[in-house]
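Everything numeric in this text was worked out from a predicted model, so none of it was measured.
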Amino acid sequence: MDKKIVVWAALTVATLLMTGCTQRADADAPPERQPPALLGQSKPSEAPSAADPEAAATAAYARWGLKPFRTPPPPPKVKPENRQPGGQVPVISDIETTEKIVFITIDDGAEKDPEFVRMMNDLKIPVTMFLTDSAIRTDYGYFGKLAAQGHGVANHTLSHPNLRTLGPEAQRREICGQQQKLKQQYGEAPRLFRPPYGNWNEATRTAAGTCGVDAIVLWRESMQIKNMQYQRGDKKLHPGDIILAHFRGPAELKGTTMTKMTANMLRHIQDQGFTVARLEDYV
């Protein structure tokens with residue numbers, strides 16, 4: 001019997017030692033590593049929410065006190081305004097179309113409000129920027145951010161002179177020089193040009209053509225602080241109208257910010273039943 005007791009005790013001790021080692025090993029082992037969740041991936045307990053682009057757009061517009069614009073129609077397969085090979089550069093103030101669309105253009109570049117960059121990123125409304133080097137050279141990167149959003153970059157001369165007062169070669173230096181500057185900064189030479197103050201002559205057309213410009217772009221309406229100025233007697237927008245605005249801040253807008261001026265302009269457009277299209281798709 002003593003022999004059996006000794007054998008039993010030995011077996012018990014061995015079992016306890018094995019069990020203790022196993023438990024200690026389990027306790028010391030690091031927890032099993034899980035693969036990291038991908039960015040935006042839902043946890044197993046979370047049901048992924050359905051994407052709602054319409055609600056997102058409504059919220060984005062609401063931040064600026066606006067309602068979303070309707071989506072513009074697809075652009076035509078053939079652009080209504082095309083410079084013919086070897087032909088004169090066309091001068092346009094509007095685009096021939098029956099669609100209720102207008103085009104927003106913004107000139108110069110003196111004001112560089114970061115809130116305007118955020119506004120354009122929220123609203124996804126296309127604009128074309130006619131930039132003057134003397135106004136933008138202090139911060140080329142500001143307009144690069146807007147260009148990266150998809151907004152058009154166009155030519156508004158090197159120093160904003162009245163081109164009618166300059167000879168042909170001086171006009172060419174102003175236009176071609178800015179073509180080179182903008183290509184250097186933003187990667188592509190513009191196709192569109194706007195003469196400062198809207199002043200041009202036949203020497204301007206010739207110079208623009210030699211600099212690679214496809215169209216001289218004027219306007220039908222200009223946006224002021226709260227109201228829009230119309231060239232036509234009926235004082236209303238027409239399909240295809242080109243609207244002029246400026247990069248201006250409170251000093252030029254009597255205390256109004258550029259974002260508030262832009263919001264006022266967009267309300268004028270929307271109240272008349274229009275939406276905004278991209279000028280470069282039509283010229």
Side-chain angles (χ1 to χ4, degrees), residues 91-93 102-117 119-120 125-149 151-166 170-171 173-186 188-200 204 207-208 211 213 215-229 231 242-266 276 279-280:
V91 181
I92 61 173
S93 301
V102 294
F103 307 93
I104 296 175
T105 62
I106 310 179
D107 280 13
D108 302 341
E111 179 68 7
K112 303 168 184 68
D113 185 354
E115 284 297 297
F116 182 72
V117 177
M119 183 185 204
M120 291 293 98
I125 292 174
V127 303
T128 300
M129 305 178 290
F130 285 85
L131 302 177
T132 299
D133 189 65
S134 60
I136 70 172
R137 66 175 59 150
T138 57
D139 192 355
Y140 288 122
Y142 175 85
F143 302 95
K145 293 174 185 176
L146 290 165
Q149 293 178 7
H151 302 295
V153 173
N155 188 332
H156 198 42
T157 72
L158 285 171
S159 63
H160 208 273
N162 180 350
L163 293 177
R164 286 181 184 170
T165 68
L166 302 182
Q171 289 199 41
R173 284 196 298 270
E174 282 285 340
I175 300 170
C176 290
Q178 183 64 341
Q179 290 287 92
Q180 294 168 5
K181 290 271 189 180
L182 294 174
K183 182 178 181 179
Q184 180 182 359
Q185 292 297 326
Y186 306 116
E188 188 175 355
R191 296 186 303 102
L192 306 181
F193 168 71
R194 172 171 287 157
Y197 317 106
N199 290 342
W200 63 279
T204 311
C211 298
V213 168
I216 293 174
V217 180
L218 303 180
W219 61 89
R220 281 293 184 180
E221 292 83 25
S222 61
M223 185 61 203
Q224 306 305 307
I225 299 173
K226 293 182 179 179
N227 298 310
M228 197 173 287
Q229 290 185 348
Q231 293 181 358
I242 296 169
I243 300 172
L244 165 66
H246 290 85
F247 284 97
R248 290 176 178 165
E252 299 85 9
L253 299 175
K254 298 181 179 179
T256 300
T257 62
M258 185 169 177
T259 56
K260 288 182 179 178
M261 180 273 292
T262 302
N264 289 335
M265 174 175 59
L266 295 175
V276 182
L279 181 60
E280 289 80 357

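Counting all heavy atoms, side chain and backbone alike, Ser159 lies closest to Glu174 at OG-OE2, 2.6 Å. In plain terms, the two heavy atoms of Leu146 and His151 that are nearest each other are O-CD2, 3.2 Å. Across every non-hydrogen atom of Leu163 and Asn199, the tightest pair is CB-O, 4.0 Å. Closest of all the heavy-atom pairs between Trp219 and Leu244 is CE2-CD2, 3.5 Å. The shortest heavy-atom contact between Ser93 and Leu218 is OG-CB, 3.6 Å.
A heavy-atom distance below 4.5 Å is not found between the side chains of Ile104 and Thr262. Inter-residue side-chain proximity for Tyr140 and Asp133 is flagged as met; some heavy-atom pair is nearer than 4.5 Å. At least one side-chain heavy atom of Met129 sits less than 4.5 Å from a side-chain heavy atom of Phe247. Here the side chains of Asp113 and Met119 are not in contact, with every heavy-atom distance at 4.5 Å or above. Looking only at side-chain heavy atoms (C-beta outward), Ile136 and Leu182 come within less than 4.5 Å of each other. Proximity of Met261 to Ile225: side-chain heavy atoms (C-beta onward) are nowhere separated by under 4.5 Å.
Although no hydrogens or angles enter the test, the distance criterion places a donor-acceptor pair under 3.5 Å between the side chain of His156 and the main chain of Arg194. With hydrogens and angles ignored, the 3.5 Å screen pairs no side-chain donor or acceptor of Gln185 with any backbone N or O of Arg137. Proximity of a side-chain donor or acceptor of Gln171 to a complementary backbone N or O of Leu166 within less than 3.5 Å is detected. With hydrogens and angles ignored, the 3.5 Å screen pairs no side-chain donor or acceptor of Tyr186 with any backbone N or O of Ala148. A donor-acceptor pair under 3.5 Å links the side-chain atoms of Lys112 to the main chain of Ala110, judged by distance alone. For Gln179 (side chain) and Asn155 (main-chain N/O), no donor-acceptor pair under 3.5 Å exists by modelled atom type.
Rounded to the nearest 0.5 Å, atoms CD (Glu252) and CD (Glu111) are 6.5 Å apart.
Under the 3.5 Å distance criterion, with hydrogens and angles disregarded, no donor-acceptor pair is assigned to the side chains of Gln178 and Thr132.
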